[in-house]
Every structure is written in structure tokens, then in C-alpha cells.
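Below is one structure; the comments refer to it alone.
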Amino acid sequence: MKKTLLEIKGLSKSYPGVKANDNISFTIQEGEIHALLGENGAGKSTLVKMIYGLVHPDEGDMLLHGEHYMPHKPSEARNLGVGMVFQHFSLFEALNVAENIILGMEETIPRAELNAKIIEVSNEYGLPLDPNRLIGDLSVGERQRVEIVRCLLQNPQLLIMDEPTSVLTPQEVEILFKTLRKLSSEGVAILYISHKLDEIKALCDHATVLRMGKVVDTCIPAEETARSMAEMMIGGELSMPTAREFTPGKTLLHLESLTLESLDPFGTSLANVSLELRAGEVMGVAGVAGNGQDELLLALSGERPTDAGMVKLSGVEIGGMGPTTRRALGLLAAPEERLGHAAAPDMSLKENAYLSARVRQGLTKSGFTLFGKRDDFAREIVEQFDVRTPGIDNAARSLSGGNLQKFVIGREVLQKPTVLVVNQPTWGVDAAAAADIREALRELAANGAAVLVISQDLDELMEMSDTFAVLAEGRMSEPRPAAGMTVEQIGLMMGGNLEESANA
Amino acid sequence: MLRLEPRQQASSTMRWLTPILAVAITMVMGGFLFAAMGKDPFEAIKIIFLDPFFHETFGPYSRSQLMVKAGPLILIATGLSIGFRAGVWNIGAEGQFVMGAIAGGAVGLALYPAEGIWVLPLMTIAGALGGMAWAMIPAFLKIKFNTNEILVSLMLVYVAYNFLAAMVTGPLKSPDGFGFPESRSFTSVDSTHLPMIYEPLGMHAGVMVALALVIAAYVMMERHLLGFQIRLTGESPRAAKFAGVNPAIIVAVTLGISGALAGMAGLFEVTGPAGKLTTNFPVGYGFTAIIVAFLGRLNPIGIVLAGLLMALTYIGGELAQLSLGIPAAAISVFQGMMLFFLLAVDVFVNYRLVWKKEVK
């Protein structure tokens, strides 16, 4: 009989206008891998932030080893044996691994001792790390290792992981799972948040399902199907996109030896990227983050102009044109970073609708904003894409990540583009919303547009792509038909730490 | 241990209350300052804030000075607020104000003694262009070499001061001025004298133009594409690039507009209240306008109110100098306190102070 590690008793937390957590109770046993399931905005983040001491509950109590537990700040939680690995890493790219780990520590350890400890712990758990390497030189998977090792050095009893696999290659996911299972066998409990239901099925012992801030169900993932768990999350039937016949039309987007130097010192320059994207086609571009994805999006959105002939839209050379002209011609883009790139955080949804839809939707007249038309368009996005928000006057910042993503994708799709380029369309988006977004993108292609999907989620790419290419170190593989490829094949194409993953 | 914790959401009511709160704290702390100088604090505050309106002897004159002083502050602050909202920090409006006065004044002097109602508009345009040209120096350097516009625009203020001294002792010196370092009087010739529209309130033509431009600025910022692009650049530079905004154009346009409005304010000053170019012509309107812009929350209506308030402290401050012998420097400190306390109160709107025991 395993002992109870953490007992959560009736936690509630309200924010202005929304009850993020409503009387949440469940327990986590020692050594258990416990999944936390729920749609975007279901209250998962708020809950784990309370456990980690970042947010204070309005009501309720927690018991750790049977004793009252209510951390006031993360360092308190860490001292009591609760660690957390965030979805977005907090690492300084210009510092090395050991320096980054020191920054998170309370006590000071001599460097040599720390380095030895990092090497020891990271090897023990199958996550080899060189303490002297710069974070900027590491792959996303390796950066995550730094975050995990940082937690492990504190000897945690509970490790919270928020969407740890969204940026990993299949091989890296395997390594991570081995580590987590080893930790679990040593008695460390893991609270695991993910939208990837297959992973949860493979990894987790128990699952607690949240909906609208409440616990609605619990289950043993191994006894469920991905579909049944998704339905628990949304409380209804899940609509999966339907397969469709692909008959390519004429070439709409033509990249010819697209070369672009990255402005980011840790970015990847594009080298001779060529492809042809045809009407009705959804092309998936896979690759591990930081292999030129951002640069590819900037080159296509027009934020980074190139030589005119490198990018052609329906035969017109547009490489030298800026975003406004490209939009007018029908090339639209949805960048990966929702807040701060695709949308201005403190501006209302109305103004964010205007931000990229001004030209195609005719939202100005001799430079002056047509407020009625603008608001109608914003409302149309919110309605058609099921964006959950109290109203279009709300700031983009106030939306949960998944809802803002639906807004951003909806904004571009509803403008009826000729070619749409999207980067990470469903990052951090729950299963139901992700299915909606994918369906909208496929429908767009079915109606004669061409869609380029850049993503690190291979399942997603396999599900929606007609053709498939891999971007690795700024170079693009020859696109090939997606039918018949396996996830393993693609994972190997994606490069990165191939030898290491094969040996592990 | 005391710590600042960010608030979940800053109250929007508080955002508008902070300027009022800041003024109230300034009154209290200013009172201490005056008391420390051996002056009666209540008397001093009363003289600064109430006497300009209600004093039997000084009242009528002071009331007429209110708009005269507020006009340039509002005009300059309106221009500055446009840049500030884009994250372009023009600190050198004082220099642009001086250069506008010189450029516009030089046109008037070149045409002397031409008659005609076209002279003043021509001078106004020249004044605006002069201020704009001066502001384009930091704009150009920022776009081309990524220099810091705060430093460049500020340093150019002192260049402008020296340029003014050179002009009034050189080419623009009045031939009939007995060698004094000053230009001809603009107010003695009708064609270069800024007309007074409504004397009791001090509404000269420049004030009317300033108020019209406040409205124009509001319309541009809230309803026009350019205003949207300016705000977007300030809010989120990367989203602005995604929206197709060219940051270089925003830098040039915002610095150009703020320079032009400052230059125009300089021309109105020299053809109206000041009357002629002298080395004493600049009185710091360009710097005070920065306070006005922030006190007014970078919002046109707020700027009009803040401009009036600042003008009041100028006039009331002069009265306090006269009747209580409070030095001018103390009045400047008093004005500076307003910005200081505004920023301080702002911190507490966005953060809250929490007392936390050190956790082991």
C-alpha cells in the first residue's frame, strides 16, 4: 500500500470575472504519475501554480505527508520537495548550464562540486548534460533537461511537469519517459500536464479531469482510449477531421533557394530552402524548434524581406515586399508566439482583429478606421472559432493561450487567404480546440487555398498534411507525400541528437 | 521584509485618480518644503492654487495669463505624447521650441516690415519646420545608427540655446536695439503680432491652434491608421512589424510631429507673450511639457487639464515669489515633485506593498 504524498482539499481560486478553480480535491500517492487533464482554461495552470506557491488559493487546504502545506512562494515549495518544470523555460541563453542552475539555487555550492553533481545526476537519470555548454547552443530537448536536472538537484518528492513533450522529438520523448518512470520507481510522484492523450495513456497511473475549474472525472488512463478521455475533458463528443482526397492544383507559393540570415544570435539561418505549394495542398514542415522555423515564418510573412525572386506567389515575385502588400496579394501568416507577435497583449480583440485584417477586410477608409466593420469582423472571429471571452473589448492578454490561438488562426482563416502559413497552430491548445483549428485549416485547403503548417507535433502533421518536409539546421528536405511515412522515420529525419537517442 | 508584488490587474479608476492623488501629495510635501524655508505653508499653497483665480488685485491679470501659459505646454505635450505612446522618448522639446522660434522669427524679420495677414501663417509654418528639422536629427541618428534619442534630443537643447545666443547677438540682432542682444519686437508690427482672440482668458490665436491640434491629435491617435500604428509600436514592437509597420517611419513621424508642435509653440511664444527673441526667451516650457504629458496620462483631455494645472503653478508660483519671497527654484522643485509623485503613485497602482517574514 503506497502512502499518500499530497492531498488537495477543496482548493478554490477566483479571478475577476472567472472562477478558475472551484473546490478541487484529489490525492497524489508517492511514486505515482498523475495526469491532470482538461481543456484550455479548465484551470490546470492555476491549480499547479497554487501547489508550487505562485498563486494563493482563496479557500481550501493542502496536506503534504499529512502535514499542512501552503507555500507562499516557489522557493518554499522547493524546500519542501515540490519542483516544477514549466512549459516555457526560464533559462538565460548566454549563460552555461551550471550558471543557469546556480541562479535557481538558494545555497551556494562550489562550482567543481556542482559540476560533478550535475554530471552525476544527469547521467543517473539518462539525461546527459555538459555543465559548461552554453544554453544557446543546446536543442530544446536539452534545455528541458537543464530544467529537469535543476529540479532533481533539490531531491524533489513531487515533480510538476507542464506540457513537457510539446517541443520534443519522438526519440526525446522516449528518453524523457524513461527518466520519469525511473523517478517514479524511486518514489517520486509526478504531476503531469499534457494535451497528448496517447502519452498519458502510456505513462500515467491516474488521471484527474478538470472542466471549467471543477474536477469532473477521474480515470485510469490505461483503461481508457484517447477518445474517451478527450470526451471527458470536453464533456461531449469529439469531432475528428475527416480524411479527404487530395488533388493538387496549380502552384500558388514557390520558394526558390530562399536564403535568410538569422538576426537572432542563437537562431538558425535559412539556406537554399525551395518548395512548391499547390492549391488544395496542406504541407507539413516538421523539425525541432530553433532549426529555422521562426526565420521561415518571418521570410514568408514579409517581416524579413529577401531577394524578390526567392518568394513567388502565383508567379508574382514578392520576396522584397512587406507584410501589408503580401496580405493584399493573399499570403497570410500566423506566427507561433501569440502574445507579443501575432497579437498585442494590451490591445482589445477588436484592435487585434484590425491588426492583420485591415487590408483584406477593408477596415479603413482613406486611413480612418471603420469601427463598425472592424467590430463585426472581430465578433465573427469570436463566434465562428468559439473564442471564449466575455467580449471583444477584452484585451488579448486576458484570454487563455488556447482561446487566443483560436482567435489568431480564425483571424487569418476568415480573411480567405490564397496561401496561409502557420507556425505551431496548436501549441498548448486542448484536444477539442486543436481539432477545430486543424479542421479549419484543412477546410481552407479543400476550398482551393494552400496551407503551410510548421509544427513540432508530428501526430498533428501526420493527421493533416498531404505532403511533408523536414526543416533541420535551416535546410529543408525534399517534400514527399505524407501517406505511408511513419513517425519514427520522420523523427530520424529531424536530426538533432540522433546518435545519442539511438544509443539511449 | 517589504516587497513589491505585481497586482493581477491595475484598477482603471486608480489610473485616473493617480494624477489627482499626486497633486494632493505634492501640496502636502510642498507645504513641508515651504515650511522648512520658514514660509507659511498654508499661505503658500493658497497663493499658488487659489490666488491666481480669486485674488482681488492679481486675479484678473492672473486669469488672463492662465491660457497664455497653458497654451504652449498643451501644444508641446500633445506632440510629445504621440511619441511617448510609440515608445519614442523625445526629451528635447525645449530645443525644438527654441529652434522653431528662431526659424519662424527669422522669416518674420526677413520680411520686416511687410504687411499682410499671410505673414504670420508663413512664420508659423517656418516655426513648425524649424522645430521638426531639429527633431529629425535624433530621428535620423536613431534610424541610421540606433543611437538613443533621449540623449541626443536632450543634448541638442543646449546646442539650441547657444544657437539662439549666437543669433540674437549676430544676424537677428535688432538694428535699432542699441546693441542689446535681442531681435526686433514682433508685437510692434501688426503683421507679426499674434492676435488676441479673447483678452480676459488670454486666448490668443496660438491657444486656439493648440486646442484645435489637440482634437486633431486625438482623432489621429484613436481613429486613424497612423495612430494605430504608433500605439501598436509602443505596445508591442514585434506585433507592429507583423502588422507591416515600418519602425523607422514611426520614429521619424513621431519625432517630426512632436518637433513641429514644439516649434510652433515657440513661434507663438515669440510673436505673442515674449514679443522678441532674447537669450532669456526659453523658460523651460519644453521640459515642463514632459510633466504635462505624463500627468495627463498621454491622453488629449488629460493633457489639457494637466497643462492648465501646470500653468497655474507657474502663475501662482510667481505670486508666491512676489508676496512671500519664495525663490523661483523652490517653485521648480514643486513642479518636479508632481511628476515624481505621479510616478511613485503609479508604482503602487501596478504593484502592492506586502510585508513578508523571511521564510526559512
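The basis for the numbers below is simple: all heavy atoms, side chains too, and nothing from hydrogens, waters or symmetry mates. Letters A, B, ... mirror the listed sequences (proteins, then strands); counts begin at 1.
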message: Checking an interface table here. Which of residues 231-242 of chain B come within a heavy-atom distance under 4.5 Å of chain A?
response: B/Arg231, B/Leu232, B/Glu235, B/Ser236, B/Arg238, B/Ala239, B/Lys241, B/Phe242
Selection from A/Arg358, A/His341, A/Met347, A/Glu337 maximising heavy-atom pairs under 4.5 Å formed with chain B: A/His341
- prompt: How about A/Lys49: does its NZ atom have over 12 heavy atoms from other parts shown lying under 6.0 Å from it?
  reply: no
- line: Of the listed A/Gly322, A/Pro345, A/Ala333, the one with the largest count of heavy-atom pairs under 4.5 Å with chain B is A/Ala333
- prompt: Which bit of A/Glu351 is near chain B, if near means a heavy-atom gap under 4.5 Å: side chain, backbone, both or neither?
  reply: both
field: Which atoms of A/Ala344 approach chain B - backbone, side chain, both or neither, heavy atom under 4.5 Å
entry: both
Side chain / backbone / both / neither for B/Gln229 at chain A, heavy atoms under 4.5 Å: side chain
query: A/Thr364, A/Asp346, A/Val359: which one forms the most heavy-atom pairs within less than 4.5 Å of chain B?
result: A/Asp346
message: Please evaluate residues B/Glu222 and A/Phe371 with respect to the criterion side-chain contact (heavy atoms from CB on, under 4.5 Å), reporting the C-alpha separation (whole Å), side-chain torsions for both, the decisive distance (0.1 Å), and the verdict.
response: CA-CA 11 Å; B/Glu222 300 303 321; A/Phe371 290 105; 5.6 Å; no
message: Tell me whether A/Phe86 at atom CZ has more than 12 heavy atoms from other residues, nucleotides or ligands lying less than 6.0 Å away.
response: yes
- line: If one checks every heavy atom of A/Arg327 against chain B at 4.5 Å, the contacting part turns out to be side chain
statement: Interface check, chain B: of A/Ser301, A/Gly340, A/Ala343, most non-hydrogen pairs under 4.5 Å belong to A/Gly340
query: CZ/A/Phe368 to CZ/B/Arg223 distance, rounded to the nearest 0.5 angstrom?
result: 9.5 Å
- request: Tell me, for A/Ser366 versus chain B, whether the close heavy atoms (under 4.5 Å) come from the side chain, the backbone, both or neither.
  value: backbone
task: With a 4.5 Å cut-off on heavy-atom pairs, point out which of A/Ser398, A/Gly367, A/Pro335 contacts chain B the most.
output: A/Gly367
field: A/Arg397, part contacting chain B, at a heavy-atom distance under 4.5 Å
entry: neither
Residue selection (most heavy-atom pairs with chain B, distance under 4.5 Å) from A/Thr325, A/Asn352, A/Thr324, A/Leu355: A/Leu355
message: If you count heavy atoms of other groups shown closer than 6.0 angstrom to CE of B/Met136, is the number above 12?
response: yes
message: Does B/Ile301, at its CD1 atom, have more than 12 non-hydrogen atoms belonging to other residues, nucleotides or ligands within less than 6.0 Å?
response: no
task: Name the member of B/Asn246, B/Val245, B/Leu225 that forms the most heavy-atom pairs with chain A at distances under 4.5 Å.
output: B/Leu225
- prompt: For B/Ala243, does its backbone N or O pair with a side-chain atom of A/Ser356 as donor and acceptor, under 3.5 Å?
  reply: no
